[in-house]
Amino acid sequence: MTQQNHDVPDTDTDTYDAAASSLAGHVDNSVMAELLSIRSSIDNIDATLVYLLAERFKATQKVGFLKAAHRLPAGDPGRESAQIARLRRLAEDAHLDPAFAEKFLNFIIGEVIRHHEAIAEDHQAAAEWK
């Protein structure tokens, strides 16, 4: 018996219209059908990315609590540099623009550090309240 994932939204009740396009009625139906088919794959990938990012941030939140409990800095420049270099290599292997991969990771790192700082502030405030 399989378990149902209750975290995944029911796509039948989504208000998202996968066929929405300003091109509808302006291109041949066969072209539109192919476009919608490709976009369906893109939509699936986007949904996967969102869930993967959610899992990543759940893990980094645990790191944030651990750092706060031990009064460690929110950022770790050595780790961040190593991760950027690693992702640039992975991007090259995947034929993705390494500069884009670096910008994307820098954005994520910035968000993680912001979350870690907030966790540390909350942890400090809770310690002072005791």
Side-chain angles (χ1 to χ4, degrees):
M1 179 177 212
T2 61
Q3 288 184 328
Q4 190 173 12
N5 184 348
H6 296 286
D7 293 337
V8 177
D10 181 358
T11 55
D12 293 337
T13 60
D14 272 354
T15 58
Y16 173 70
D17 180 4
S21 174
S22 58
L23 300 174
H26 299 285
V27 297
D28 184 82
N29 287 342
S30 64
V31 172
M32 196 67 201
E34 184 176 1
L35 182 62
L36 291 175
S37 175
I38 296 166
R39 285 180 175 173
S40 177
S41 293
I42 292 168
D43 292 349
N44 290 338
I45 293 165
D46 288 346
T48 300
L49 286 170
V50 167
Y51 283 96
L52 285 172
L53 284 170
E55 288 302 310
R56 189 186 195 288
F57 276 92
K58 286 177 190 174
T60 60
Q61 184 177 35
K62 291 177 185 177
V63 170
F65 286 119
L66 185 63
K67 285 181 172 183
H70 296 280
R71 299 177 196 252
L72 299 173
D76 185 345
R79 161 85 174 155
E80 294 152 18
S81 293
Q83 278 293 86
I84 289 168
R86 177 178 167 267
L87 244 62
R88 286 187 67 91
R89 287 191 306 273
L90 289 171
E92 288 173 6
D93 292 346
H95 306 288
L96 178 68
D97 179 5
F100 169 77
E102 182 174 347
K103 287 178 191 175
F104 181 70
L105 185 59
N106 277 325
F107 173 76
I108 291 172
I109 290 169
E111 286 299 298
V112 168
I113 289 172
R114 188 176 62 80
H115 292 172
H116 287 185
E117 289 170 344
I119 290 168
E121 287 174 17
D122 290 347
H123 188 271
Q124 181 63 32
E128 291 172 1
W129 184 255
K130 289 182 181 180

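These figures come from a predicted structure and were not determined experimentally.
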Cut-off 3.5 Å, no hydrogens considered: what does the side-chain donor-acceptor table look like for residues 88-98, sequence neighbours left out?
from, atom 1, to, atom 2, distance (Å)
Arg88, NH1, Pro98, O, 3.4
Arg88, NH1, Glu102, OE1, 2.6
Asp97, OD1, Ala99, N, 3.0

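- By the side-chain hydrogen bond (donor to acceptor under 3.5 Å, both in side chains) test, Asp122 is found to be paired with no residue, residues two or more places apart in sequence or in another chain being considered.
- Every ring pair (Phe, Tyr, Trp, His ring centres under 6.0 Å) that Phe57 has, sequence neighbours left out, goes to His115.
- In this structure, CG on Leu36 lies 10.5 Å from CD on Glu34, to the nearest 0.5 angstrom.
- With sequence neighbours excluded, the residues forming a side chain to side chain contact (heavy atoms under 4.5 Å, CB included) with Ala18 are Tyr16, Asp43, listed by chain and number.
- Every residue meeting the salt bridge (Lys or Arg N to Asp or Glu O under 4.0 Å) condition with Glu111, not counting sequence neighbours, appears here in chain and number order: Arg114.
- Hydrophobic clustering, defined by side-chain heavy atoms of Ile, Leu, Val, Met, Phe, Trp and Tyr closer than 4.5 Å, groups Ile38 together with Ile42.
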Less than 3.5 Å apart, which donor and acceptor atoms pair up between the side chains of residues 19-32 and the rest of the protein, not counting sequence neighbours?
from, atom 1, to, atom 2, distance (Å)
Ser21, OG, Leu23, N, 2.9
Asp28, OD2, Ser30, N, 2.9
Asp28, OD2, Ser30, OG, 2.4

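- Under the 4.5 Å side-chain heavy-atom criterion for Ile, Leu, Val, Met, Phe, Trp and Tyr, Ile109 and Val112 are members of distinct hydrophobic clusters.
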Might you work through the side-chain contact (heavy atoms from CB on, under 4.5 Å) test for His123 and Arg71, ending with a clear yes or no? CA-CA 9 Å; His123 188 271; Arg71 299 177 196 252; 5.9 Å; no
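- Partners of Ala74 under the side chain to side chain contact (heavy atoms under 4.5 Å, CB included) rule, at least two apart in sequence or in another chain, are Ile113, His116, Glu117.
- Residues that satisfy the side chain to side chain contact (heavy atoms under 4.5 Å, CB included) test with Arg79, not counting sequence neighbours, are Asp76, Gln83.
- Remark: Arg56 CZ to Thr60 OG1 distance equals 6.0 Å, nearest 0.5 Å.
- Looking only at distances, a side-chain donor or acceptor of Ser81 sits under 3.5 Å from a matching main-chain atom of Pro77.
- Apart from Ile45 itself, the hydrophobic cluster it occupies contains Leu49, where clustering links Ile, Leu, Val, Met, Phe, Trp and Tyr at side-chain heavy-atom distances under 4.5 Å.
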